[in-house]
Amino acid sequence: MMIIQAFFMKALATSLKRQTHFCTLKTRFNFPPRTSFCVSNHALAQRSEDDPDVHHLFDESPEGARCSNRLLFERSRNNRHSEVLSLFMGVHRSGLPVDGSTISCVLKACAYSLDQNFGVQIHGHCTKCGFLNDVSVGTSMVDMYFKNGSVERGRRLFDQMGERNVVSWTSLLTGYAQNGLDAEVLQLFVRMQSEGVQPGPFTFATVIGSLSGERMVEKGLQLQAAAIKNGFQTATPVCNSLVSIYSKSGRIREAKAVFDRLSDRTAVSWNSMVAGYATNGLHSEALEIFHHMRLVNAKPSNMTFAAVIKLCTSIKELGFQQQLHCLVLKTGFEFDQHIRIALMVGYSKCKVMDDAFEIFSALGEEARNVVAWTAMISGYLQNGKAKRAVELFLQMNRESVKPNEFTYSTILSASPMVSPHQVHAQAIKANSEKSPTVGTALLDTYVKLGEVDEGSKVFDRIEKKDIVAWSAMVAGYALKRDTEAAVKTFVEMAEHGIKPNEYTFSSVINACASSMAPVQQGKQLHAWSIKSTFNNAFCVSSALVTMYAKTGDILSANEVFRRQQDRDLVSWNSMISGYAQHGHVNNALQVFDEMRRQNMEMDGVTFIGVISACVHAGLVEEGQRYFDMMVRDHCVEPTMEHYSCLVDLYGRAGKLAKAMDIINGMPFPPSATVWRTLLGASRVHRNLELGSLAAEKLISLQPQDSAAYVLLSNMHAMAGNWKERARVRSLMDGRKVKKEAGYSWIEVKNKTYSFLAADSSHPMSNEIYEKLEELRMRLKDAGYQADTDHVLLDVDEEHKEAILSQHSERLAIAFGLIATPPGTPLRVMKNLRVCGDCHVVIKLISKIEGRYIVVRDTNRFHHFKDGSCSCGDYW
């Protein structure tokens, strides 16, 4: 206890001594009252008294005066800036004389230690003592202000200087470049020469190094020509800047040519070349130049180490990164923030999270800034540890470290483990919601969660929408199957001068794959993608195949598919499913065989497509064989959708008992889709008992789905059980289940027209019904007799025929016949299954009118031509 008390008494005595010492310094140095720097740095003066090298300076002897500058310069050359400041305070306190060189040296120390407060006091002292007339002092003071970010003060001081030389101008240009004011650098460079000051090699190096933007190389070449004219073509600083500018613009050959011409390569030269190769993704070249750099004993800078560590991260070279880590420790860069972050990211990417977290934990609280926190959060997310990432994010908030835009956008990828609404609220509070980075991340998260409307609100609030934000919004509407909104957003983006990229085209074309989308709209977007040279992009061509297949133009889908140089799984699957839906079963199986010959990877979607093709053609044995092949040869685990296809395969073929066996043998409870499929097959084959069972199961799973009630009531109607039909309809009414109204739509001259059964709302309604009457007479002459079994109402035959003649698909076709020139193909969509009688009628219309008619219902596409259909009357 006595030892502890003695320790604290000693500490208190030391503290009082330092306070007394500060008061003495303040009095003798004559600082103005606002001297805050001296308060924070009085310990430096105390430390100077403990330095054995400077004791003899303060005996006021002539020898002490002569040695002071030598010691100041020595410490400055060795970057011991805090010692320079403490030594200067001791010199001044002792009354030793100082000159312009002394003041310049001290101002340099202020600049590099980023201590503007001390520099301001020196400025006041210089004004009082007349040192500002010294051009070297003025130049050093300008540099000090710019390095501390005080651009206005630095410029004001420069303008007040009576004498300005090339060093002064170069210092000013460097200051503007360091503060990101690149446009001002060029303007001042021109003004400097107009005032008769010729630039030196460091001047050219500074101006070339400040170049940025699209025209950087062009300006760099102009400055290179000017440097050659002034005889500086081989000057090392100029060449280093040229290496940097060429590397930044991707012209790495030119950068290497300049580097090779350098006879006196400094550490900066080597570092610039390493960074250039690394930035341009030339990993092996960067490592090779780094190796040569080490052989010639050139010292890597902190930024070189950071660049090479990032390179190791890109190529997943954990071993070499660990060697670099050791070298960093050996060279004393272990506390550099850039290197620490690079190491953390590198270990994270190489899935060595323990090492990454160890580096993070070793950081002090001050060094553990938002960049470090964000790097660790991102690392855990990339390694599939979302829970740990969320814990770190919460801990970061508890430690009062404010997230930045990248933190918000990173943690949002942990959704739904972290609530996007909570992150959104925090971003609003931090005024980050409107930034493109955070806004786009929020938009993308809401879209993935199906909250497209909420995402749209975020999108509207983003101030500077970039291509990523626009593309995310288009993709959101495509996911929602809102074709109109997706296309509208795409067009609006173009009107704002934002050029779409391949991902934007892919999203908007996928939106047009909806059955509601006009075919012409998709073709226009295809033309637009060709004009923008994105039509052959991987994702765009795949989207085009899907779009054409789903909108009924299977020939165009095949044409795009055949032109694809590289096909992904999406393209192959789209082509197989497209052929299956269009009734081209042989083509679907041929594409599948071609896929097998090329040893393409197959997934569950591939087999859904090929089994569906067998379903549409009644190829029962082949469909079962493909199912077995999927399980046995490709190890694809059957899903509910695969079993539903099998039930459909056997059900359509009338093998209802086998279909029921499949349902009973499924490894999981049958879904509503499975029972709906069995119910549909039972209706076609008039198996009332099995249909009733399927309907009961379906209703129990989806009591508000009208399909079960309608199909069951139709089965009772087909069997003449009108009382049972009425009971089912009454049950629907009691449960307030509404039957989906059947309607059809047709695209004519880039406009879509929709029709309900017996519709009379169209402006050309009279002409449409006149055309139907004309068709009725011609159909009768062709031998057509209405199949009234498809009218499941208890009315007379004549009324049934009238009802059939006014089905929505017939109204749409009649309108298409009178609104388009003869021979024009017609494309009709229907939200329900085409009835058997309409199927017969459309076949006859295609023959007597000489039209190619495509009808898409809920099951498939029907291509009618010359009195026949692509489905072969099996659907």
Side-chain angles (χ1 to χ4, degrees), residues 209 240 243-244 246-248 250 252 255-256 259 265-364 366-385 388-389 392 404 406-407 409-410:
N240 289 344
V243 169
S244 177
Y246 282 130
S247 299
K248 288 178 182 177
I252 198 67
K256 185 62 166 57
F259 178 79
R265 293 172 186 160
T266 64
V268 176
S269 311
W270 287 97
N271 290 331
S272 297
M273 204 62 235
V274 172
Y277 276 129
T279 304
N280 286 276
L282 300 170
H283 303 146
S284 58
E285 290 85 347
L287 292 175
E288 184 179 351
I289 204 81
F290 181 75
H291 175 66
H292 285 306
M293 177 182 184
R294 298 283 298 148
L295 290 177
V296 299
N297 293 321
K299 294 182 178 180
S301 68
N302 60 333
M303 300 310 293
T304 307
F305 275 119
V308 178
I309 291 169
K310 288 177 183 177
L311 184 153
C312 292
T313 302
S314 299
I315 60 177
K316 302 287 179 68
E317 269 289 345
L318 177 61
F320 187 49
Q321 178 177 309
Q322 290 170 329
Q323 292 177 20
L324 285 170
H325 193 172
C326 294
L327 188 58
V328 164
L329 296 173
K330 185 179 178 181
T331 51
F333 281 120
E334 67 269 25
F335 297 111
D336 183 85
Q337 191 76 348
H338 294 95
I339 293 176
R340 284 184 167 187
I341 299 296
L343 284 168
M344 284 164 52
V345 172
Y347 284 128
S348 299
K349 291 281 179 71
C350 293
K351 300 183 178 181
V352 190
M353 288 306 300
D354 290 342
D355 287 354
F357 190 71
E358 185 178 341
I359 295 172
F360 177 75
S361 300
L363 294 170
E366 293 182 2
R368 212 181 296 171
N369 58 16
V370 64
V371 178
W373 282 97
T374 304
M376 280 307 301
I377 291 169
S378 176
Y380 278 117
L381 285 171
Q382 289 168 357
N383 284 278
K385 298 181 179 180
R388 181 69 180 123
L392 270 185
N404 61 17
F406 300 103
T407 318
S409 58
T410 299

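For the single chain, residues carry numbers from 1 onward in sequence order.
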Spacing of [X] atom [atom1] and [Y] atom [atom2] [to the nearest 0.5 Å]:
X      : Y      : atom1 : atom2 : value
Gln321 : Asp355 : CD    : CG    : 9.0 Å
Asn240 : Thr266 : CG    : OG1   : 4.5 Å
Ile252 : Asn280 : CD1   : CG    : 4.5 Å
Leu381 : Met376 : CG    : CE    : 10.5 Å
Gln322 : Ile309 : CD    : CD1   : 11.5 Å

Sequence neighbours excluded, which residues qualify as ring-ring contact (aromatic ring centres under 6.0 Å, His included) partners of Phe259?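 If we apply the ring-ring contact (aromatic ring centres under 6.0 Å, His included) test to Phe259, skipping adjacent residues, the hits are Trp270.
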What residues, two or more places apart in sequence or in another chain, satisfy ring-ring contact (aromatic ring centres under 6.0 Å, His included) together with Tyr277?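 Checked Tyr277 against ring-ring contact (aromatic ring centres under 6.0 Å, His included); zero matches.
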Please, which pairs that meet side-chain hydrogen bond (donor to acceptor under 3.5 Å, both in side chains) have at least one residue in residues 298-318, sequence neighbours excluded?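 Sorted pair list: Asn271-Ser301, Asn271-Thr304, Ser301-Thr304, Asn302-Asp336.
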All pairs passing side-chain hydrogen bond (donor to acceptor under 3.5 Å, both in side chains) where residues 373-382 contributes a residue, at least two apart: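 Every pair satisfying side-chain hydrogen bond (donor to acceptor under 3.5 Å, both in side chains) with a residue in residues 373-382: Thr374-Thr407, Ser378-Gln382.
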Tabulate below the donor-acceptor pairs under 3.5 Å that side-chain atoms of residues 340-351 make, not counting sequence neighbours, or state none.
residue: Arg340; atom: NE; partner: Glu334; partner atom: O; Å: 2.8
residue: Tyr347; atom: OH; partner: His325; partner atom: ND1; Å: 3.0
residue: Ser348; atom: OG; partner: Met344; partner atom: O; Å: 2.8

Around atom CZ of Phe406, are there more than 12 heavy atoms from other residues, nucleotides or ligands closer than 6.0 Å?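 No, not enclosed.
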Can you tell if the side chain of Cys312 reaches within under 4.5 Å of the side chain of Leu324, non-hydrogen atoms only?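 Yes, their side chains come closer than 4.5 Å.
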Is Asn369 reaching over with its side chain to a backbone N or O of Val371, donor-acceptor style, under 3.5 angstrom?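 Yes: the side chain of Asn369 pairs with the backbone of Val371.
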Nearest heavy-atom neighbours spanning [X] and [Y]:
X      : Y      : answer
Ser361 : Arg368 : O-NH2, 3.5 Å
Ala306 : Ile339 : N-CG1, 4.2 Å
Asn404 : Val370 : N-CG2, 3.6 Å

Validation: residues 285-298 side-chain donor-acceptor distances under 3.5 Å, sequence neighbours left out:
none

